[in-house]
Amino acid sequence: MIHFDNSYARLPKGFFARIDPTPVSDARLVALNTDLAERLGLEVDWLRGPEGVAMLAGNALPDGAEPIAQAYAGHQFGGFVPQLGDGRAVLLGEVVAPDGARFDIQLKGSGKTPFSRMGDGRAWLGPVLREYVVSEFMAAMGVPTTRALAAVTTGETVWRETALPGALLTRVAASHIRVGTFQYFAVRGREDALAALTEHVVARHYPDASCPLDMLDKVVERQAETIARWMALGFIHGVMNTDNMAVSGETIDYGPCAFMDAYHPDTVFSSIDQMGRYAWAQQPQVAVWNLAQLATCLIPLMGEREAAIKAATRSVHRFAPLYQSAWLRRFGEKLGLRDAGENIQPLVERLLTIMARQRADFTRVFCGLCDDSARDEFADPTKFDEWAEDWRSFCPDDEVMAKANPLRIPRNHRVEQAIASAVADDLTPFERLFDAVTHPHEGRPEWSDLAAPPRPEEMVRQTFCGT
Ligand code: AMP
Ligand code: MG
């Protein structure tokens with residue numbers, strides 16, 4: 001039993017298409033996030049039971065659900081597409097958690113919708129498990145993100161060059177409203193809808209904002225914080241299109257995302273990102289570009305045009321200093337230096353340069369600072385040793401460092417291995433990986449293999465959307 005309160009479905013016509021999920025033949029629960037279920041005030045036993053699983057698979061609609069596919073547009077790799085929308089997902093509805101926070105409950109992989117275009121509306125088990133484990137690791141590290149409530153298999157085959165097991169992810173988010181949602185109405189000249197959407201976003205995410213410009217300021221602030229947190233974990237989103245940027249500031253749409261093993265700022269994994277547009281070091285600039293698209297959509301709501309353009313531009317330009325200080329805070333903490341400020345910037349940059357030259361492992365260098373094993377990550381530690389002497393003169397705090405640096409990340413090769421086993425009906429590696437990365441600071445010896453970088457033959461060089 002779930003109490004839905006569907007505020008998005010109360011928005012005017014044109015925001016969404018009313019569409020039920022397509023039932024599947026043999027729904028089986030693969031993973032259930034009991035911590036998250038409790039956070040949302042949902043009954044774990046009910047979710048695990050036949051009625052719960054039927055809902056998670058799209059086979060039964062609980063009372064109060066009003067499934068909709070949300071409309072949005074978006075710039076994909078810089079090219080504008082006026083109509084995208086939920087092509088393989090439906091928003092079942094919204095729940096209000098015991099603490100008053102409102103969450104979307106979305107089924108991803110739930111069948112065709114009016115926005116499916118050529119797609120089959122389905123997902124296969126691989127990307128479902130990838131999003132499940134990666135988004136929950138991000139949450140465990142305090143990164144604003146959508147969450148994973150459950151994964152089910154469908155008993156049906158999905159074709160992606162080869163036959164693969166179908167699956168659904170139940171995704172939980174503060175909302176699924178994207179920069180592309182604003183673009184959808186802006187390109188259609190629908191000022192009434194833009195105003196309604198803005199009002200909805202303000203009420204939901206930024207209740208202190210008193211006008212569209214205020215809201216934009218706050219989205220810029222949240223994104224600066226989120227992207228700085230990605231950078232501090234070596235996370236590469238992979239598809240930072242405007243339809244994959246949430247106005248809540250949450251990380252959304254984990255597709256060909258990946259964490260770096262060996263550090264280099266130009267690292268890209270996504271098979272479709274051939275120009276490196278969304279490489280690790282590009283992400284802050286791309287965020288600015290995306291936010292400028294949001295700003296452009298809001299200008300018609302901001303009064304006299306010339307003044308509105310100036311104000312919107314100023315708002316977007318605030319990203320750089322906000323990001324810079326968030327980045328310093330995050331990397332400062334990684335070095336055990338809290339509230340250090342600009343004076344440590346050269347120290348951080350020097351370390352990153354040494355790491356890049358030797359392709360040192362991003363995660364292991366930082367967590368190795370806590371126990372003096374970082375130097376082992378360098379084939380030639382001379383430069384690192386010089387750096388470490390300077391660093392120690394700042395008196396790093398071990399506790400700050402331990403909290404900021406995960407011992408384990410969902411390394412690509414481990415994610416791929418977990419998916420391959422799950423496809424072969426063995427969920428043990430997935431469950432173990434999930435447990436280990438959602439307790440990223442617990443140094444259990446039985447998890448030490450999960451902290452190791454890939455051997456050459458295990459290395460994953462490319463990731464795929466593959467949904
Ligand atoms: P994304 O990869 O999340 O950025 O998706 C881009 C667009 O393609 C969105 O509108 C998705 O809904 C749509 N899409 C992706 N995969 C499928 C699929 N299998 N069936 C239908 N639409 C899809
Ligand atoms: Mg998307």
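Indexing begins at 1, ligand by ligand and atom by atom, following the structure's order.
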query: So is S116 close enough to ligand 1, meaning a heavy atom under 4.0 angstrom away?
result: yes

message: With the threshold set at under 4.0 angstrom, would you say R160 reaches ligand 1 through any of its heavy atoms?
response: yes

Atoms of ligand 1, numbered as shown, that sit under 4.0 Å from any heavy atom of [X]:
X	answer
D253	3 (O)
G121	18 (C), 19 (N), 20 (N), 21 (C)
G119	20 (N), 21 (C)
G85	9 (C), 10 (O), 11 (C), 12 (O)
N244	3 (O), 4 (O)

With heavy atoms under 4.0 Å as the rule, classify the contact between [X] and ligand 1 as side chain, backbone, both or neither.
X	result
N241	neither
L84	both
K108	neither
D243	side chain
K112	neither

task: Walk me through it: do V187 and Q183 pass the test side chain to side chain contact (heavy atoms under 4.5 Å, CB included)?
output: CA-CA 6 Å; V187 70; Q183 292 181 289; 5.9 Å; no

[X]-[Y] aromatic ring centre distance below 6.0 Å:
X	Y	result
F434	F137	no
F235	W280	no
F15	Y184	no

Does [X], backbone or side chain, put an N or O under 3.5 Å from an N or O of ligand 1?
X	answer
D86	no
V239	no
Q76	no
F115	no

The Mg ion (ligand 2) reached by N244 (N, O or S, under 2.8 Å): yes

query: Relative to Y72, does R178 satisfy both conditions: NZ or CZ under 6.0 angstrom from the six-membered ring centre, and within 45 degrees of the ring's axis?
result: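 The answer is yes, since R178 meets both limits relative to Y72.
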
message: I'd like the atom name of the N/O/S atom in D253 lying closest to the Mg ion (ligand 2).
response: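 Checking each N, O and S atom of D253, the shortest distance to the Mg ion (ligand 2) belongs to OD2.
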
message: Hydrogens and angles aside, do H413 and R455 bring a side-chain donor and acceptor to less than 3.5 Å of each other?
response: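 No, no side-chain donor-acceptor pair sits under 3.5 Å.
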
- request: For Q462, enumerate each residue passing the side chain to side chain donor-acceptor pair (under 3.5 Å) test, keeping only those at least two apart in sequence or located in another chain.
  value: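 Expected list: none.
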
- request: Output yes when R414 and D449 qualify as a salt bridge under the 4.0 Å nitrogen-oxygen rule, no when they do not.
  value: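 Salt bridge: yes.
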
- prompt: Can we say R359 and D361 salt-bridge, meaning some charged N sits less than 4.0 Å from an Asp/Glu carboxylate O?
  reply: no

query: Any donor-acceptor pair under 3.5 Å linking the side chain of N6 with the backbone of Y8?
result: no

message: If you apply the rule side chain to side chain contact (heavy atoms under 4.5 Å, CB included), what do you find for Y278 with V268, and how did you get there?
response: CA-CA 7 Å; Y278 300 143; V268 178; over 6 Å; no

